[in-house]
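Report on one structure; see the data block that follows.
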Amino acid sequence: MTILLDALLRRPVTRTPVWFMRQAGRYLPEYRKVREQAGSFINLCTNPELACEVTLQPLRRFRLDAAILFSDILTVPAAMGLGLDFTEGEGPRFARPVRNEQDIDRLPQIDPETDLGYVMEAVRLIKRELAGRVPLIGFAGSPWTLATYMVEGGGSREFKLVKTLLYNRPELMQRLLSKLAVAVADYLNGQIAAGVDVVMLFDTWGGVLTSQDYLEFSLAAAQQVREQLNCRDGKAIPTILFTKGGGQWLEAMAQAGFDALGLDWTCDLKQARQRVGDRVALQGNLDPAVLYAEPHVIRERVGQVLDRFGFGPGHVFNLGHGITPDVNPAHVEAMVEAVHELSPAYHF
């Protein structure tokens, strides 16, 4: 169980651990079967037994070094009463978006066990089923990423509403982000208390900001979350920050208090390692589209990622973003097996 935890804490390992974002999902036929049984994505997320089942499915197929809790980054705003719904082909929508000062002030505090008890129960079920074989990764959306969905009312390409709020009322945006930082920290602390071994903060939309605004709004709020986490009560709980499109801010992210940084595929691992030194571990960063290629190409590209990081500890192999739904599971197996076969050469 310790290889992933050791790598995240930059301790020596015998090979590079591997897991990947969205490893439980639509590319697996067994997942699609359970999703159909659930009737909707929300039903699947809120049913602890079904969430446990789909969390475990990829571990039955592949030699992975972690399970990641099956859930969604929008559970926190959903628990705040914004009326979350998912429409097939359109993504998430909120019935009651956050648009003004009154909307922000009305946002309630959440209690993880009461308001998100289905997640905590899923964590406990998964931990029992894993029986210590591999660690369980818990996660949440970053305050900035949650704010984008809450203000826009769903997904966005231009981020018009949330950026207008940021530019016109920066103090109000900070109020929203601070409120979300408390809620996200409480949520992750609830997951830690329920048994997760690692926590990861997904900052999906940090990369849409200017450099100044990323540091002032997104990264500062992520750091507020990190400062409130109970990660050293009895055992170390490694923390990971992933900002999609955030490669330009690696030095600042490395100072934010997280143990590891996730990198998308646009970052060069060798340069990233030089820039952060030994301050943090790095996670990533195979382009998810490589999994459409033939297995021998996948193996070659895995070797290139390992080679760019180089020798020594502090690397967790992952995709640069989530796996896409129509990938052949056999190609995923080729990736995982290539990491197992090629990575020991990079450890002493």
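All values below come from the heavy atoms of this structure, side chains included, with hydrogens, waters and symmetry mates left out. Positions are given from 1, in the same order as the sequence printed here.
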| Derivation and outcome, side-chain contact (heavy atoms from CB on, under 4.5 Å), residues Asp197 and Lys127 | CA-CA 10 Å; Asp197 304 289; Lys127 284 291 290 184; 2.9 Å; yes
| query | Could you walk me through whether Gln57 and Arg61 pass the side-chain contact (heavy atoms from CB on, under 4.5 Å) check? | reply | CA-CA 7 Å; Gln57 285 174 346; Arg61 277 184 177 258; over 6 Å; no
| request: Apply the test side-chain contact (heavy atoms from CB on, under 4.5 Å) to residues Leu130 and Leu56: give CA-CA distance (whole Å), side-chain angles for both, the deciding distance (0.1 Å), then the verdict. | output: CA-CA 8 Å; Leu130 286 174; Leu56 299 175; 3.6 Å; yes
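Put simply, Leu146 and Phe86 are part of the same group of oily side chains (I, L, V, M, F, W, Y) that touch within less than 4.5 Å, one to the next.
The closest side-chain heavy-atom distance from Phe242 to His321 is below 4.5 Å.
The side chain to side chain contact (heavy atoms under 4.5 Å, CB included) check on Gln255 picks up Arg279, with sequence neighbours excluded.
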Taking only distance into account, with no hydrogens and no angle test, what donor-acceptor pairs under 3.5 Å do side-chain atoms of residues 70-84 form with protein atoms, sequence neighbours excluded?
{"from": "Asp72", "atom 1": "OD2", "to": "Leu74", "atom 2": "N", "distance (Å)": "2.9"}
{"from": "Thr75", "atom 1": "OG1", "to": "Asp72", "atom 2": "O", "distance (Å)": "3.4"}
{"from": "Thr75", "atom 1": "OG1", "to": "Tyr187", "atom 2": "OH", "distance (Å)": "3.1"}

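The heavy-atom pair separating Leu209 from Ser218 by the smallest distance is CD1-CB, 3.9 Å. Contact record, Val54 with Ala24: O-CB, 3.1 Å, taken as the closest heavy-atom pair.
A salt bridge links Glu113 with Arg124: the distance from a Lys NZ or Arg NE/NH1/NH2 to an Asp or Glu carboxylate oxygen falls below 4.0 Å. For Asp259 and Arg10, the salt-bridge test fails: no basic side-chain N is under 4.0 Å from an acidic carboxylate O.
Within the structure, the salt bridge (Lys or Arg N to Asp or Glu O under 4.0 Å) test picks out the following pairs touching residues 49-58 (sequence neighbours left out): Glu53-Arg60.
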